[in-house]
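So the structure is just underneath, and the comments pick up after that.
All figures in this text were calculated on a predicted structure; none of them were measured in a lab. Hydrogens, waters and symmetry mates play no part in the numbers below; they use all other heavy atoms, side chains included. Order of the sequence lines sets the chain letters (A, B, ...), proteins ahead of strands, with each chain counted from 1.
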Number of protein chains: 2
Amino acid sequence: MGSAEDAVDGYRPWSEVTPDAARRLLVAAVEAFAERGYHATTTRDIAGRAGMSPAALYIHYKTKEELLHRISRIGHDKALEILTTSADGPGSPADRLDAAVRSFVRWHAAHHTTARVVQYELDALAPEHRAEIVELRRQSDAAVRRILADGVAAGEFDVPDLPGTTLAVLSLCIDVARWFNVAGQRTPDEVGGLYADLVLRMVAARPAPAR
Amino acid sequence: MGSAEDAVDGYRPWSEVTPDAARRLLVAAVEAFAERGYHATTTRDIAGRAGMSPAALYIHYKTKEELLHRISRIGHDKALEILTTSADGPGSPADRLDAAVRSFVRWHAAHHTTARVVQYELDALAPEHRAEIVELRRQSDAAVRRILADGVAAGEFDVPDLPGTTLAVLSLCIDVARWFNVAGQRTPDEVGGLYADLVLRMVAARPAPAR
DNA sequence: CCGGAGGGTGAGCAAGCGCTTAGCCTTGTC
DNA sequence: GACAAGGCTAAGCGCTTGCTCACCCTCCGG
């Protein structure tokens with residue numbers, strides 16, 4: 001059967017995880033964590049979904065937390081790559097913001113199970129792993145802030161509160177992972193288009209402001 | 001010491017919960033659930049925070065899930081009340097949208113521990129309790145949609161995708177509970193003001209659209 | 001045909017879980 | 001001063017949890 005984690009954007013997920021058994025366990029963990037949350041998921045459940053005995057998990061991962069960390073790390077790397085590719089790409093600030101929001105949102109919708117784990121299970125990580133992930137998120141924030149600052153400098157955007165607006169844009173995109181539902185009527189592409197439009201309106205300079 | 005749940009907006013939280021011991025347990029549960037999540041919180045932890053023995057919890061609540069349900073119900077009632085008061089209040093659609101977003105966001109920021117439990121632990125509820133809460137959320141959605149539709153009808157707003165924009169506005173506000181931090185530099189009032197401005201820009205009719 | 005290595009299992013341990021029970025205080029009533 | 005009732009605790013039951021350990025396949029070079 002087709003999983004929610006099938007190839008999207010020509011990107012086959014988790015191909016970097018080897019051997020095969022380790023990948024199957026990791027994919028099973030993503031599904032379980034996304035459905036029930038990290039703490040409500042048992043190692044027996046993960047192993048069962050992967051078609052293995054409970055003990056098999058510990059051949060490939062030292063602890064349940066290591067599984068979460070691996071998922072979180074790979075997911076954040078991918079999300080950050082998507083953002084920075086748009087942020088540092090060609091085009092006007094408006095073009096770059098449109099591309100960044102569109103692709104970031106599309107990823108959060110298409111891979112909403114992964115994104116849910118990545119974005120909402122941060123607190124379950126061990127302190128040193130958490131710190132590592134928080135640094136990646138700081139970089140995401142910087143990427144968005146860069147686009148907005150460039151747009152302000154170019155006179156394309158009107159952003160009275162740069163840090164606050166950066167936060168709001170990222171927050172809006174990230175929360176897609178919470179509500180997006182495959183059974184819903186919207187495709188990831190459509191949500192990406194809608195959100196890109198909304199965000200551009202949020203920051204657009206008004207042609208003739210009332211005075 | 002002052003708790004994060006001290007009186008705000010002239011509203012002292014949980015005053016509807018009696019007797020005193022039951023309220024202390026409930027407040028302890030809110031703090032614990034918000035910090036660690038429902039599943040990672042033990043009944044011993046809740047009782048301990050309330051200064052009682054583990055068994056004391058079961059005098060006032062049948063199960064741990066009943067505690068979550070009570071918190072979720074009271075929180076959703078309050079959030080919905082805030083939203084509908086603005087939505088059905090006086091003033092232009094723009095005024096009402098400003099008031100709705102401002103107060104809804106302020107509540108999510110000021111009571112971010114409660115809001116976190118209310119918004120992010122929905123899946124831990126028993127099916128029948130979950131259904132009850134989902135219905136309240138449907139009403140929140142309807143309230144925001146009403147304002148937007150009124151604004152469009154009045155020619156004040158330009159909203160190509162009404163359901164999608166409604167979802168985005170609510171999502172933006174709700175996610176405040178995830179990132180808001182008392183130690184941060186923004187007050188709930190400031191965040192409310194910022195967000196009201198951003199949302200109004202998202203839906204404002206453009207005075208002279210390019211054609 | 002041997003033997004070691006890597007991937008896998010069944011059984012189970014120690015700890016922690018939600019929740020219960022028997023009994024003890026305090027309080028208010030007559 | 002007897003006594004019922006409600007609020008609370010110490011102890012612990014039955015179960016599940018993350019994780020381990022002794023052992024067993026299958027593969028493969030010599």
Side-chain angles (χ1 to χ4, degrees), chain A residues 14-72 117 121-130, chain B residues 14-72 117 121-130:
Chain A
W14 314 123
S15 55
E16 59 270 66
V17 181
T18 54
D20 186 69
R23 177 170 49 247
R24 270 159 50 219
L25 283 164
L26 191 128
V27 169
V30 168
E31 286 173 14
F33 290 164
E35 250 176 54
R36 309 139 114 86
Y38 174 79
H39 289 291
T41 299
T42 69
T43 54
R44 284 163 177 75
D45 182 23
I46 297 170
R49 282 173 194 246
M52 301 182 196
S53 77
L57 196 151
Y58 294 91
I59 297 162
H60 300 282
Y61 302 94
K62 267 210 322 245
T63 63
K64 179 178 152 188
E65 194 268 349
E66 189 194 326
L67 256 172
L68 177 62
H69 175 230
R70 283 268 241 281
I71 293 166
S72 202
V117 178
E121 300 290 354
L122 208 74
D123 290 338
L125 288 170
E128 68 274 22
H129 291 159
R130 204 183 117 89
Chain B
W14 314 124
S15 55
E16 59 270 66
V17 181
T18 53
D20 187 69
R23 177 170 49 249
R24 268 159 51 220
L25 283 164
L26 192 127
V27 169
V30 168
E31 284 173 15
F33 291 164
E35 251 176 53
R36 308 137 114 87
Y38 175 78
H39 289 292
T41 299
T42 70
T43 54
R44 292 178 221 297
D45 182 23
I46 297 170
R49 284 173 192 246
M52 302 181 195
S53 78
L57 196 151
Y58 294 91
I59 296 161
H60 300 282
Y61 302 96
K62 264 204 334 239
T63 63
K64 180 178 150 187
E65 194 268 349
E66 191 194 325
L67 255 173
L68 176 62
H69 175 230
R70 282 267 242 281
I71 294 167
S72 202
V117 178
E121 300 289 355
L122 209 74
D123 289 339
L125 288 170
E128 68 274 21
H129 291 159
R130 203 184 117 89

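- A straight line from OH of A:Tyr61 to C1' of D:dG18 spans 17 Å, rounded to a whole angstrom.
- Protein atom CD1 of A:Ile46 is 11 Å distant from nucleotide atom C1' of D:dG18, rounded to whole Å.
- Between B:Arg70 and B:Leu26 the shortest heavy-atom distance is CB-CD1, 4.0 Å.
- Atom CZ of B:Arg23 is separated from atom P of D:dG7 by 14 Å (rounded to the nearest Å).
- Taking a 4.0 Å limit (strictly below) on heavy-atom distances, residues 35-43 of chain A reaches DNA chain D at A:Thr41, A:Thr42, A:Thr43.
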Quick one: which protein N/O atoms are closer than 3.5 Å to N/O atoms of nucleotides 23-29 of chain D? Pair and distance per line, please.
none

Identify all pairs in which a protein N or O lies below 3.5 Å from an N or O of nucleotides 6-10 of chain C, and state each distance.
unit_1 : atom_1 : unit_2  : atom_2 : d
C:dG8  : OP2    : A:His60 : NE2    : 2.9
C:dT9  : OP2    : A:Ser53 : N      : 2.9
C:dT9  : OP2    : A:Ser53 : OG     : 2.9

Pairs under 3.5 angstrom only: tabulate donor-acceptor contacts from the side chains of residues 55-63 of chain B to other protein residues two or more places apart or in another chain.
unit_1  : atom_1 : unit_2  : atom_2 : d
B:Tyr61 : OH     : B:Ala22 : O      : 2.8
B:Thr63 : OG1    : B:Glu65 : N      : 3.4
B:Thr63 : OG1    : B:Glu66 : N      : 3.1

Enumerate the protein-to-nucleotides 23-28 of chain C contacts in which both atoms are nitrogen or oxygen and the separation is below 3.5 Å.
none

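- In this model, no side-chain donor or acceptor of B:Arg44 finds a partner on the base of C:dG16 within 3.5 Å.
- Side-chain atoms of A:Arg130 do not come within 3.5 Å of backbone N or O of A:Leu125 as any donor-acceptor pair.
- Remark: B:Arg36 engages B:Ala40, B:Thr41, B:Asp45, B:Arg49 in a side chain to side chain contact (heavy atoms under 4.5 Å, CB included) (not counting sequence neighbours).
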- Query: Would A:Tyr38 and A:Val117 satisfy side-chain contact (heavy atoms from CB on, under 4.5 Å), going step by step from the backbone distance to the final call?
  - Reply: CA-CA 8 Å; A:Tyr38 174 79; A:Val117 178; over 6 Å; no

